[in-house]
Amino acid sequence: MEFIAIMKQKIKDLILNASLDAYKKGDLPSSEFPDIEVEVPRIESHGDFSTNIAMVSASVQKMSPKKIAEFVIKHINDSDGIVAKAEIAGPGFINIFVNNLSWHTVLRRIHEEDAGYGASDVGRGRKIQVEFVSSNPTGPLHVGHGRGAAVGDAVANILLFCGYDVQKEYYINDSGRQIRTLGLSVFLRYRESFGEDIQFSDDCYQGDYIRDLSIQIKEHKGNDLLGQDEEEAILYCARFAAEKIIAGIREDLKFFGVEFDNWFSEQSLYDSGKVDKVLNGFRSQDIIYEKDGAHWFKTTDFGDEKDRVVVRNNGQTTYFASDIAYHKDKFERGFERVIDIWGADHHGYIPRIKASIEAAGYSKDRFSVILIQLVNLLRGGEPVAMSTRSGQFVTLKDVIDEVGADAARFIFLTRHHESPLDFDLETAKKKTNDNPVFYVQYVHARISSIVRKGREAGIEKIEWDDRAMDMLKEPEEINLIKTMTAYPETVKCSAESMEPHRVTFYLMNLASSFHAYYNKHRVLTDDPVLTAGRLYLIIAVKKIIRNGLALLGVSAPEKM
RNA sequence: GCGCCCGUAGCUUAGCUGGAUAGAGCGCCGGACUUCGAAUCCGUAGGUCGCAGGUUCGAAUCCUGCCGGGCGUACCA
């Protein structure tokens, strides 16, 4: 159990025993106490922990909260000696201040648990899948995909750290109309390269990469495709292009530090017959009907606002049809929970997927979607033009090349995923306070530097020492330790809410506490005992910074 | 029209799922390097948490209704 949870429990016991004692001694009229809470107050002067017992039991005890608090405090029996001070404040809170010694023990834990500090088993080994990016293989990744990649990867890392059995999956939409359009676009460029004058319709992809692909095909095939049946040629181009583009996407993601456990092909759902199987199953359940020549899935039976087409009147299945099979397949693969990460513009799609999951016999509560809002790419405050139509967009690769993967990933995680994000290329490159990634990484580099200096001065072993710990009593030191005790809880919260930005903010906060401490006190002093204590302290900080950055997929440099 | 998300300091935002005096950063102004990395720190100013009700000991947080913004509302993916 984590330190904070243990302390809360200890204090809760202390308080409940005191209240009971107060009743036995006749100070309080009732032995009944509602559920009380012990929490860490936001404001330092409100103590290390506080409880609301006096307020919540006012009506039962028929006494003012302040009076109750007085009696409770009077009867506290602190045999372990953890309480330094207990006082009544505000409307009746009991604020408890804890001895420094209690805080020092946390440092030992951090050193011992090391890379595992903050880990938990709340996931209890349950299988969970996080599917993200899943960009269509019709073009390179852009910044928006980068945000999804950063969030998805961080969520997966955090879940893993919290004891889930996590799989990261990328769904490849290698079937359907867009792929044909891709093939057509490449094929037209191919023909153009033989001198033909081609009119490109609006729905064709027109980026430079399309021309590159057509050139590659020409190198492989010469003019072979010109003589072939047109549909066959387009299909060939589509397959060739999709494969190349996927390879490029995979490479870009690797460059960004994101690797998937599984790449899942949409086409494979057709090849294995899973799409037909699911649809036939639904037909036998009578939740698919025909109207206007198309086949409709009665999603309204499951809470959707209107029914949805799964087979068009031309006989072709819709994207939704394979998606039904896909989500069913996820559960069949044994995942207890399934997380999809989508762009926020797809939110209207959620009810029908939930409907299909329910219809397939699984609870929709096992499925959740994380929606990612838009990224506005800026340069020095001015919007960067991002037109997919003309193909003039800035790719994720471009952005990483310019600002680095660390800065990009960190900035993507500095905001709640459901609020739009301004990504400014100029600030991402700055090496100042404007740019939070450097602010946090700087702590790691700075501590590394101090430790190196210490080593040069002959300090090799840094370990727990009672005398050294007694020296850690500056307010900034205690504050730093308190911040570190909050790390496990932060990670757990971040996992439960699937909000990685909580870790980001935590790290910025810890960095701030460290920088403040550093500027006020020297670590390497003339007093070897004090120095030992302080080194022990800051190395703990270093470990948490490293651990936290690792969850976010950002490096922790020894030097910068 | 209906559905989802969002309105917090000049700007960008946090707020631990109901707690006390709403925290930061940027920007402005003023300070701190002969000692461990100034890529840092310290200080001042700046708020009716969109508006109006409701729930209770207690609301930025939960409920209702407005106002303002974004997105969605395909036999596209």
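All values derive from a computational prediction rather than experimental measurement. Chain letters run A, B, ... following the sequence lines, proteins first, then strands; residues in each count from 1.
Listed nucleotides: B/C57, B/U35, B/G3. Nearest to the side chain of A/Val56: B/C57. Side-chain proximity of A/Ile450 to the nucleotides B/G3, B/U12, B/C36 is greatest for B/C36. When each of B/A14, B/C75, B/U73 is scored by its nearest atom to the side-chain atoms of A/Ala294, the top-ranked nucleotide is B/C75. Closest approach to the A/Ser449 side chain among B/G15, B/G37, B/C5 is made by B/G37 (side chain taken as heavy atoms from C-beta onward). For A/Arg352, counting side-chain heavy atoms from C-beta on, the closest listed nucleotide (B/A20, B/A14, B/A77) is B/A77. The side chain of A/Ala445 lies closest to B/G37, out of B/A20, B/G37, B/A77. Distance from the side chain of A/Asp345 is smallest to B/C71 among B/A14, B/C75, B/C71. Counting only heavy atoms from C-beta on, A/Leu524 has its side chain closest to B/C36 among B/A20, B/C36, B/G72.
Atom name C1', nucleotides B/G68 and B/G25: the rounded distance is 27 Å, in whole Å. Rounded to the nearest Å, the gap between the C1' atom of B/A14 and that of B/C26 is 15 Å. B/A22 and B/C5: their P atoms are spaced 28 Å apart (whole Å). Comparing the P positions of B/A20 and B/A24 gives an interatomic distance of 15 Å, to the nearest angstrom. The separation of B/G50 from B/G10, taken at their P atoms, amounts to 13 Å, rounded to a whole angstrom. Atom name C1', nucleotides B/C71 and B/U56: the rounded distance is 36 Å, in whole Å. Separation of the C1' atoms belonging to B/C6 and B/A60 is 14 Å when rounded to the nearest angstrom. Straight-line distance between the C1' atoms of B/A45 and B/G30: roughly 11 Å, to the nearest whole Å.
For residues 480-500 of chain A, proximity to RNA chain B is found at A/Cys493, defined as any non-hydrogen atom under 4.0 angstrom from a strand atom.
In the interface, the side chain of A/His346 is not paired with the base of B/G72 through any donor and acceptor atom under 3.5 Å apart. A donor and an acceptor atom sit less than 3.5 Å apart, one in the side chain of A/Asn95 and one in the base of B/A20.
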Each nucleotide N or O in nucleotides 38-43 of chain B that has a protein N or O under 3.5 Å away: list the pair and distance.
from, atom 1, to, atom 2, distance (Å)
B/A38, OP2, A/Arg446, NH2, 2.4
B/A38, OP2, A/Tyr518, OH, 3.4
B/A39, O4', A/Lys431, O, 3.1
B/A39, N6, A/Met560, O, 3.0
B/U40, OP1, A/Asn433, N, 3.2
B/U40, O2', A/Arg446, NH1, 3.2
B/U40, O2', A/Asn519, ND2, 2.7
B/U40, O2, A/Asn519, OD1, 3.4
B/C41, OP1, A/Tyr439, OH, 2.4
B/C41, OP2, A/Asn433, ND2, 3.2
B/C41, O4', A/Asn519, ND2, 3.0

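Counting to the nearest Å, the P atom of B/G58 and the CG atom of A/Asn52 are 14 Å from each other. Between A/Asp424 atom CG and B/G27 atom P the separation is 13 Å, expressed in whole Å. One can place CZ of A/Arg502 at 15 Å from C1' of B/U13, the figure rounded to the nearest angstrom. Between the CZ atom of A/Phe514 and the P atom of B/A24 there is a distance of 20 Å, given to the nearest Å. Distance A/Gln373 CD to B/U13 P: 11 Å, rounded to the nearest Å. If you take CE of A/Met55 and P of B/G58, they are 11 Å apart, rounded to a whole angstrom. Across the protein-nucleic acid pair, A/Glu2 atom CD and B/C16 atom C1' stand 13 Å apart, rounded to whole Å. If you measure from atom CD of A/Glu305 to atom P of B/G1, you get 15 Å, rounded to the nearest angstrom.
Taking both residues in full, the closest heavy atoms of A/Ile462 and A/Ala532 are given as CG2-O, 4.5 Å, listed atom of the first, atom of the second, then distance. Summarising the geometry of A/Val403 relative to A/Ala428, their closest heavy-atom pair is CG1-CB, 3.7 Å, with the distance given to 0.1 Å.
No more than 12 heavy atoms of other residues, nucleotides or ligands sit less than 6.0 Å from atom NZ of A/Lys520. Heavy atoms from other residues, nucleotides or ligands lying under 6.0 Å from NZ of A/Lys482 number more than 12. Other residues, nucleotides and ligands contribute more than 12 heavy atoms inside 6.0 Å of the CZ atom of A/Arg546.
Residue A/Arg522 has no polar side-chain atom (N or O) positioned under 4.0 Å from OP1 or OP2 of B/U35.
Taking the six-membered ring for Trp and the full ring otherwise, the centers of A/His327 and A/Phe367 sit less than 6.0 Å from each other.
Under the Watson-Crick or G-U wobble criterion, with both distances below 3.5 Å, B/A39 has no partner in any strand shown. Remark: B/G7 base-pairs with B/C67; criterion is Watson-Crick or G-U wobble with both hydrogen-bond distances under 3.5 Å. Using Watson-Crick or G-U wobble geometry with both donor-acceptor distances under 3.5 Å, B/A24 finds its partner in B/U12.
Nucleotide B/U55 is shown with an anti base, its glycosidic torsion being more than 90° from 0. For B/C63, the base is anti relative to its sugar; the glycosidic angle deviates from 0 by more than 90°.
In terms of position along RNA chain B, the nucleotide closest to A/Ala89 lies nearer the 5' end than the nucleotide closest to the other residue of the pair A/Gly293 and A/Ala89.
Between the side chain of A/Asp406 and the main chain of A/Ser555, a donor-acceptor pair closer than 3.5 Å is present.
Residue-level contact check: A/Asp323 touches neither bases nor backbone, having no heavy atom under 4.0 Å from any strand.
With respect to the salt-bridge test (charged N to carboxylate O, under 4.0 angstrom), the residues A/Lys330 and A/Asp340 qualify. Electrostatic pairing of A/Glu37 and A/Lys8 does not count as a salt bridge here, judged by no charged N lying under 4.0 Å from a carboxylate O.
Both geometric conditions, a ring-centre gap below 5.5 Å and a plane tilt below 30°, are fulfilled for A/Phe93 over the base of B/A20.
Each of A/Ile73, A/Ile96, A/Val38 was scored for a side-chain contact (heavy atoms from CB on, under 4.5 Å) with A/Ile15, with one residue passing: A/Ile96.
Ring geometry, A/Phe514 versus A/Tyr518: the interplanar angle falls from 30° to 60°, so the pair is classed tilted. Between A/Trp263 and A/Tyr170, the ring-plane angle classifies as parallel under the 30° and 60° cut-offs.
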